[in-house]
Amino acid sequence: MIVTRFAPSPTGYLHIGGARTALFCFLAARKGSGKFILRMEDTDQKRNTPTAAQQVMKDLAWLGIMWDEGPEVGGENGPYYQSERLDIYNKYMQQLLDSGRAYYCFDTPEELQIQREKAQQDKRTYTYDRPEVLPDVAAVERAEKEGRPVVVRFAMPGNDIVVQDVVRGGVRFGAAEIGDFIIQKSDGFPTYHFACVVDDELMGVTHILRGQEHLMNTPGHIALQEALGFRRPVYAHMSVTISEGGGKLSKRERGKVLRQAIKEAEGLDHAELAQVGGVSVEEFAGFLNKKNELDGPNITAIAEHIHVHLPEINVVDFLHSGYIPEALVNFVSLLGWNPGDNREIMPIEELIEAFDINRLNKTNSLFDRKKLISFNTEHMRIIAPEKLLEHFKRYLEVVESPIGKADDKTLAHLLKICEGARTLEDVATKSMFLFVDKVEFDEKAVKKVLQKDGVAELMKLTQSALAALETWDAHSLHGAIEKLCEEHQVGMGKVAQPLRVAITGTMVSPPIDESLMLLGKERTLKRIDDTLEFIS
RNA sequence: GGCCCCGUCGUCUAGCCAGGUCUAGGACACAGGGUUUUCAUCCCUGCAACACGGGUUCGAAUCCCGUCGGGGUCACCA
């Protein structure tokens, strides 16, 4: 049976790159009718936040990447938070210490830094200088008394190590390239390398799919496995997704774009923005001066407040932008993998069926948001309407849209008449006119549509035609407008466009008959009145 | 800088391992045209790539070497 795992360090929101790794692990497990484990690698006491693990799980669940074993769902190999497994690690740590495969060190950060710089000068790889005689327990006590940090290092074997990788083939690492690395920190916690190797063995992980950035760690992990008598899992180091600007997809990008937008907008009230973002004025000023970065939610709040579109980086960002998870998952699955034929738009079941670890490719890929939009458009079209409704409600909730107050029937209807929309945000934008008390006229719309000769006259005629209408449904409305056009020998646009601006204030809305129907007779006639007054 | 990985249209990629069927296929983007009451959708057409230089071979996108370019990694982070 194939067992995979996704092991994030809960330090913030789930990043789109992490989602991709998780997805491939999930697909590999499902395809092999195996097991997908979620494990929280929270061994860094300084960086972990209590809410981050929850958020990561929420994001995974939204994407439909559910784990068979892990936090919340449990399993036979728990606990699934590494911070709760310290005694397990200590047992193996002792084993290594006893057999002389690990040893204590007492170097200060400054001392190590000097060594590193020296190696840099000599243009060689820095590796830790293992002492001839390994420190004993007495030495540990002495070091503690002197207040020196005590860590444990793993004694690497002196041979080359070849990593057999599904994606890369055999990759050889010279013995001189990998030094004795730290497996236990001075706070007593294991490092990632150690905890990861122990847990993968204990949890029976058979296939490790992870980003290429971990390839250099792998020889160390393999050496650890051998010293501990562990099995060796199958490794697959996947290509990574890089940003349009080159380099890793980074959360800094959002800050960069926001800073730029604030600078260009000019005259914005910084104190107000700081308040919207939930940060102090000083913090906000520091952010603008690139002195510090702001947290994801703070940046998102400010951007939404001033209507600036930021590049999506975290999974939640995509939710906020109105993407649906089916599209995101599908799109991301095609970054570094493909089914081998020309299929592209695929629901998750099809992805599972088509998945093959041997078709993972080696080259890094760029994240192209334009293509994502196209995937989103298509998935919004093919998804079951009930599911789309659920996504829509979730979206409206997180962006705190007043549309969220509407009942299911109305929302479903809005989704239906907005068919062809690219994102849920588009649907919301088009529907907004129904949820405002007073129309605000868009400057461009006024100029292009309302300030034309004869508009007022035709609109008055339209108004009386609509007022005379007995049944207020899309069909009758359509008929009435059509009739009006025929009588006055004008195209549909001549009547529909001014009407659209009158009831929405903009040039964009669902089909005019549907829009009028939803608005209702009374409100429609009132808005036409207001418009006539406005243009006279 | 050391080490490691990678290099097919602007982008995601098929083809490469098992050389000929490749005047290199698909998708997105872009350009032009069409449908439509707006936006969007939809339909048609077009543009567009084997990084470069050497080999091996009757024959190279495919195998080998070099150059250049890109990415990763060099923590008591994971």
Next item on the list: With C1' as the reference atom in both, quote the distance from B:C17 to B:C58 in angstrom, rounded to an integer.
Entry: 23 Å

Margin query: Give me the distance, rounded to whole Å, that separates B:A14 from B:C74 when you measure between the C1' atoms they each carry.
Written below: 36 Å

Item checked: Interatomic distance, A:L112 CG vs B:C74 P [rounded to whole Å] -> 15 Å

Note to self: So A:P510, base contact, sugar-phosphate only, or nothing? Heavy-atom distance under 4.0 Å.
What the structure shows: base

Next item on the list: Select one nucleotide: of B:U38, B:G10, B:U37, the one nearest the side-chain heavy atoms of A:D368.
Entry: B:G10

Notebook entry, point to check: Does A:T43 make a side-chain N or O approach to OP1 or OP2 of B:A78 shorter than 4.0 Å?
Noted result: yes

Next item on the list: Select one nucleotide: of B:C76, B:U37, B:C77, the one nearest the side-chain heavy atoms of A:D44.
Entry: B:C77

Check: Does A:R116 make a side-chain N or O approach to OP1 or OP2 of B:A75 shorter than 4.0 Å?
Finding: yes

Check: Where the side chain of A:Q120 is concerned, which of B:C77, B:G72, B:G1 is the nearest nucleotide?
Finding: B:G1

Note to self: Please pick, from B:C76, B:A29, B:A78, the nucleotide with the shortest atom-to-atom distance to any side-chain atom of A:K370.
What the structure shows: B:A29

Check: When the distance from CG of A:D341 to P of B:G15 is rounded to whole Å, what number comes out?
Finding: 10 Å

Check: Which nucleotide in the list B:C12, B:A78, B:A29 gets nearest to the side chain of A:S374?
Finding: B:A29

Notebook entry, point to check: Between A:K494 and A:L458, what is the shortest heavy-atom contact and its length?
Noted result: O-CD2, 3.8 Å

Check: Does A:E344 get its side chain close enough to the base of B:G26, under 3.5 Å, for a donor-acceptor pair?
Finding: yes

Notebook entry, point to check: Below 4.0 angstrom from OP1 or OP2 of B:A27, is there any side-chain N or O of A:N342?
Noted result: no

Next item on the list: Of all the heavy-atom pairs spanning A:V449 and A:M507, show the shortest one and how long it is.
Entry: CG2-SD, 3.9 Å

Notebook entry, point to check: Of all heavy-atom pairs between A:H193 and A:L224, which one has the smallest distance, and what is that distance?
Noted result: O-CD2, 3.9 Å

Notebook entry, point to check: Could you go step by step and tell me if A:I481 and A:M492 meet the side chain to side chain contact (heavy atoms under 4.5 Å, CB included) rule?
Noted result: CA-CA 8 Å; A:I481 296 172; A:M492 287 285 267; 4.1 Å; yes

Margin query: Would you measure the distance from the C1' atom in B:U45 across to the matching atom in B:G54 and give it in whole Å?
Written below: 41 Å

Check: Nearest to the side chain of A:T191, which nucleotide is it out of B:C3, B:A78, B:C28?
Finding: B:A78

Margin query: Using the P atom as the point on both nucleotides, what is the distance between B:C9 and B:G53, in whole Å?
Written below: 16 Å

Notebook entry, point to check: Paired with B:A18: which nucleotide, if any, by Watson-Crick or G-U wobble criteria at under 3.5 Å for both distances?
Noted result: none

Note to self: What's the gap between B:C16 and B:C22 when it is taken at their P atoms, as a whole Å value?
What the structure shows: 12 Å

Next item on the list: Compare the minimum distances between each of B:A14, B:C5, B:C6 and the side chain of A:N361, then state the nucleotide with the smallest one.
Entry: B:A14

Note to self: Strictly below 4.0 Å: does A:R369 bring a side-chain N or O up to OP1 or OP2 of B:U11?
What the structure shows: no

Next item on the list: Could you check A:N338 against A:F375 and say which one's nearest nucleotide on RNA chain B is further toward the 5' end?
Entry: A:N338

Check: Mind checking the P distance from B:C63 to B:U8? Whole angstroms is fine.
Finding: 14 Å

Notebook entry, point to check: Which nucleotide in the set B:U38, B:C42, B:G72 lies at the smallest distance from any side-chain heavy atom of A:S509?
Noted result: B:U38

Margin query: If you compare every side-chain N and O of A:K185 against the phosphate oxygens of B:A78 (OP1, OP2), does one of them come in below 4.0 Å?
Written below: yes

Note to self: With hydrogens left out and only the distance checked, is there a donor-acceptor pair under 3.5 Å joining A:K430's side chain and the base of B:C39?
What the structure shows: yes

Next item on the list: Select one nucleotide: of B:C6, B:C12, B:C76, the one nearest the side-chain heavy atoms of A:P149.
Entry: B:C76

Next item on the list: Name the orientation class of the two ring planes belonging to A:Y192 and A:H214 (parallel below 30°, tilted from 30 to 60°, perpendicular beyond 60°).
Entry: tilted

Check: When the C1' atoms of B:G15 and B:U35 are considered, how many whole Å apart are they?
Finding: 37 Å

Next item on the list: Assess whether one donor atom and one acceptor atom, taken from the side chain of A:R500 and the base of B:U37, lie less than 3.5 Å apart.
Entry: yes

Notebook entry, point to check: Rounded to the nearest Å, what distance is computed from the CD1 atom of residue A:I382 to the C1' atom of nucleotide B:U41?
Noted result: 15 Å

Check: So A:F181 and A:F154, would you call those rings parallel, tilted or perpendicular, with 30° and 60° as cut-offs?
Finding: tilted

Next item on the list: Could you walk me through whether A:W337 and A:F355 pass the side chain to side chain contact (heavy atoms under 4.5 Å, CB included) test, one step at a time?
Entry: CA-CA 8 Å; A:W337 174 83; A:F355 190 73; 3.7 Å; yes

Notebook entry, point to check: Which nucleotide in the set B:C4, B:U37, B:C76 lies at the smallest distance from any side-chain heavy atom of A:I512?
Noted result: B:U37

Check: Which is true for A:G211 with a 4.0 Å heavy-atom rule: it touches a base, it touches only sugar-phosphate, or it touches nothing?
Finding: nothing

Next item on the list: Rounded to whole angstrom, note down the P distance from B:C64 over to B:C44.
Entry: 41 Å

Margin query: If you go through the side-chain atoms of A:S186, does one of them form a donor-acceptor pair with the base of B:C76 closer than 3.5 Å?
Written below: yes

Check: Is B:C68 paired to anything, Watson-Crick or G-U wobble with both distances less than 3.5 Å, and if yes, which nucleotide?
Finding: B:G7

Checklist line | Distance below 4.0 Å between A:R359 side-chain N/O and B:G15 OP1 or OP2 | finding: yes

